[in-house]
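Here the structure is laid out as structure tokens; the discussion comes afterwards.
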Amino acid sequence: MASIIGAASQYRSPEQAISFSLFSEESDSNPVDAVIFAGTSLVLGTACRQLFNGTRVPYTVVLLVIGIVLGSLEYGTNHNLGKIGNGIRIWNDINPDLLLAVFLPALLFESSFSMDVHQIKRCMGQMVLLAGPGVLISTFCLGALIKLTFPYNWDWKTSLLLGGLLGATDPVALVAFLKELGASKKMTTLIDGESLMNDGVSVVVFQLFFKMVMGHNSDWGSIIKFLVQNSLGAVGIGLAFGIASVSWLKFVFNDTVVQITVTLSVSYFAYYTAQEWAGVSGILTVMILGMFFAAFARTAVKGESHQSLLHFWEMAAYIANTLVFILSGVIIAEGVLSGRSISYEGISWGFLFLLYLYVQLSRCVVVGVLYPLLCRFGYGLDWKESIILTWSGLRGAVSLSLALSVKQSSGNLYLSSETGTRFLFFTGGIVFLTLVVNGSTTQLLLHFLRMDTLTANKKRILEYTKCEMMNTALKAFENLGDDEELGSADLPTVTRHVSSLKDLEGGQVNPHNGYEAGNLDPTTNIMDMRIRFLNGVQAAYWEMLDDGRITRSTANVLMQSVDEALDLVSTNSLCDWRGLEPRVHFPNYYKFLQSRIIPRKLVTHLIVERLESACYISSAFLRAHRIARQQLHDFLGNSDVASTVISESEVEGVEAKQFLEDVRDSFPQVLSVLKTRQVTYYVLNHLNGYIKNLEKVGLLEGKEVSHLHDVVQSDLKKLLRNPPLLKLPNIEGFLASNPLLKDRSIFRSLATGETHS
């Protein structure tokens, strides 16, 4: 975008410069007024969020309308808004590239960081199709329709410029929109990921046509070189910043402030480096950075720090979204009112609605042409999902910023002022129509296609949960309903205020007794229970990571095995051990370690490290399954579906249990050292909690808490950097007896003891 702004300043006409200087001299606004507008926007946004919570009206649509109203009052009533109006004008006059640089890194990083890595991998083929060929198809479709039907005598380059500007969906609009609707995780990942990649590619395409419109001659070779350099350069920069920052986070221990600051600063620094220094797509760079963090940094931040990081980014995205959509409304209002000679023409409004139809048609063409391929990649795509994918093509702040840059660059030999004004008028209109029309009706479309209805299994689960809530509420009343000081509580009054206790009056039957009702599909039923069971297993892994029972690398392997098993629940029984089994076996390539070239200490280090990892994986797997089985039994009772899933889980654990028994028989010191590490970490964590509790009840003060906390943190750091050592006096016996080791002969020379840390 630096080239665009450079062009804007280069091609500004003398009349524009005089007008700008006169406004600067006559305006009595104070730069501090910009703060008033930001604060007012956040207050209005918060009030609307609370007011429209639980309604079918999307929050982002309300923000856009508020912005249009504020902009219309300010630019249509000549400063009647006073200080707030001054703030509106300050924000509206900000360089469009600066607006993108302020808001986009936070929004894009939060969106990509919160995406499911496994689903990204599965949907990557579909995303690339929609963001690559999809953008080009949309650009040329829109450009051709504009050139052939609009009466403005634009050449092909100008028509394709507007087509590229409008041809991509906008991640800023879609991120907030999808979270409100509560769309399925698969659809959210596909649409969100496609919009992120789509927008990065579309900006590159826009820059290409903008240069051509401004008189730069380009042959096919230079065009292809430009596109490849921008795309691959962005990927490379994003990965480089991701590797560097994640490596840094590995040396940060329980310091939430540092962790948040690293993620925030690296997102902006990566965007600036790509966009301004390297001249590649900053949007694509931040997207790659966020996905890298989602893949490799989730387990690097644990416990309360992890929750604090998520809450910070959620808050940052909320503030940025609120300001972006209100400001977008202001820009639309200003664009319409400043080009009154255009907006007052009835024909311009007619062509705006025609352009809206073209935008929808081009989106239909993209999804329709790519539909056969979209069905074959990832999770596939059915006809209902393709309709939602087509209708969810929203436009937003990115398109508006690009249109503003075109308007600023107009008024020269290559691009007339009238054309720049029309670009902003049409873009603002399309942003408004897609957000208001498509955004407001997508939930209705989901309902019409029955994509938001609960299945019979989910309804039955709700019955279970309501029953458990009733029992829990009753127990809570029994525990607190009578005491020595205040006496007893009035049950009828409590019942009127607690909905769960009202079920007592109706004599609800425990749904455990009727779970195997004939109206439930057995296949869907068992599939649903497997999903819930595996979710419980994954939750247990997270808890074990926080407790220090497993390492970050082990946690990543375990989480991935659950994700892979979730993809197969409809066709297979529980199979998360399938993804872990290769991690427990010693692979065949270990036979190369026989070579005398490799030092014996290094060989023993690699073998013992592999053995430790296998023990961590097996023990965590068994513990997580045991926890999930108990939870499922407590929740579903002795129903057939619970018994089936529990039996599948027990079968899954046979091999892991056998592996640990073999290790215990041959090398009990291995398990002893691992258990010692776990217990040491647990004791130190327990002391941390004890200190916090003493502070909470007022028995310790700040300085005392700080001193004790530093002592415990110091011990934790020492434990992580210098864990208890593992000595193996005889490795040959274990390698000869363990049935999980496929090629034992290659290790028989390692009979001497070595130390491994």
Side-chain angles (χ1 to χ4, degrees), residues 299 537-538 540-541 544-545 547-565 574-594 601-627 649-679 681 723-751 753-757:
T299 55
V537 170
Q538 200 165 57
Y541 289 149
M544 282 187 270
L545 177 64
D547 291 342
R549 290 180 175 271
I550 54 178
T551 62
R552 289 194 294 259
S553 58
T554 303
N556 286 326
V557 172
L558 292 167
M559 305 286 186
Q560 183 180 351
S561 70
V562 174
D563 289 332
E564 292 171 352
L574 293 177
C575 58
D576 49 326
W577 178 254
R578 182 187 302 177
L580 300 175
E581 189 174 1
R583 303 279 183 167
V584 175
H585 288 303
F586 278 77
N588 291 328
Y589 63 77
Y590 266 67
K591 64 185 178 182
F592 296 108
L593 298 179
Q594 296 182 88
K601 287 187 177 182
L602 177 60
V603 174
T604 304
H605 169 85
L606 295 175
I607 293 174
V608 173
E609 186 176 54
R610 180 83 179 195
L611 184 59
E612 284 183 356
S613 175
C615 291
Y616 270 128
I617 288 172
S618 299
S619 61
F621 175 86
L622 292 172
R623 179 178 176 81
H625 270 251
R626 183 169 63 251
I627 293 172
S649 169
E650 291 171 344
V651 171
E652 279 284 276
V654 170
E655 197 168 348
K657 193 177 296 183
Q658 182 62 49
F659 173 82
L660 290 178
E661 289 178 359
D662 290 338
V663 175
R664 185 177 293 106
D665 292 340
S666 303
F667 289 98
Q669 64 269 38
V670 174
L671 301 184
S672 176
V673 169
L674 297 184
K675 188 63 179 178
T676 301
R677 293 178 189 172
Q678 289 182 352
V679 171
Y681 191 95
L725 301 179
L726 173 61
K727 293 183 178 181
L728 291 179
N730 180 17
I731 197 172
E732 184 178 8
F734 171 71
L735 296 174
S737 62
N738 186 2
L740 296 182
L741 303 181
K742 295 181 177 179
D743 192 347
R744 309 180 194 92
S745 61
I746 63 176
F747 305 111
R748 296 188 187 280
S749 60
L750 302 174
E754 299 290 349
T755 301
H756 174 69
S757 63

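No hydrogens, no waters, no symmetry mates; every other heavy atom, side chains included, goes into these values.
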* Asked: Atom CE of Met559 and atom CG of Leu545: how far apart are they, to the nearest 0.5 Å?
  -> 6.5 Å
* To the nearest 0.5 Å, tell me how far Leu574 CG sits from Glu650 CD. => 11.0 Å
* To do: For Glu652, check side-chain hydrogen bond (donor to acceptor under 3.5 Å, both in side chains) against everything at least two apart and list the hits.
  => none
* Asked: Say you draw a straight line from CG of Leu671 to CD of Glu612; how long is it, rounded to the nearest 0.5 Å?
  -> 10.5 Å
* Indicate yes or no: at least one non-hydrogen side-chain atom of Val584 is less than 4.5 angstrom from one of Trp577. => yes
* How would you list, by chain and number, every residue that makes a side-chain contact (heavy atoms from CB on, under 4.5 Å) with Ser672, sequence neighbours excluded? -> Thr676
Per-pair distances, 0.1 Å, donor-acceptor, side chain in residues 613-622, under 3.5 Å, sequence neighbours excluded:
from: Ser618; atom 1: OG; to: Ala614; atom 2: O; distance (Å): 2.9
from: Ser619; atom 1: OG; to: Cys615; atom 2: O; distance (Å): 2.9
from: Ser619; atom 1: OG; to: Tyr616; atom 2: O; distance (Å): 3.1

* Asked: Heavy atoms, side chains only, cut-off 4.5 Å: are Arg677 and Arg549 in contact?
  -> no
* Can you name the side-chain hydrogen bond (donor to acceptor under 3.5 Å, both in side chains) partners of Glu564, sequence neighbours left out? -> Gln560
* Sequence neighbours excluded, which residues qualify as side-chain hydrogen bond (donor to acceptor under 3.5 Å, both in side chains) partners of Gln538? -> Asp563
* To the nearest 0.5 Å, tell me how far Arg578 CZ sits from Glu655 CD. => 12.0 Å
* Quick one: pull up CE in Met544 and OG1 in Thr554 and give me the separation to the nearest 0.5 Å. => 10.5 Å
* Asked: Can you name the closest pair of heavy atoms from Ile550 and Tyr541 and give their distance?
  -> CD1-O, 3.6 Å
* To do: Return the minimal non-hydrogen interatomic distance between Cys575 and Ala565, and the atom names on each side.
  => C-CB, 4.1 Å
* Structure fact -> By side-chain hydrogen bond (donor to acceptor under 3.5 Å, both in side chains), Ser649 pairs with (sequence neighbours left out) His625, Arg629
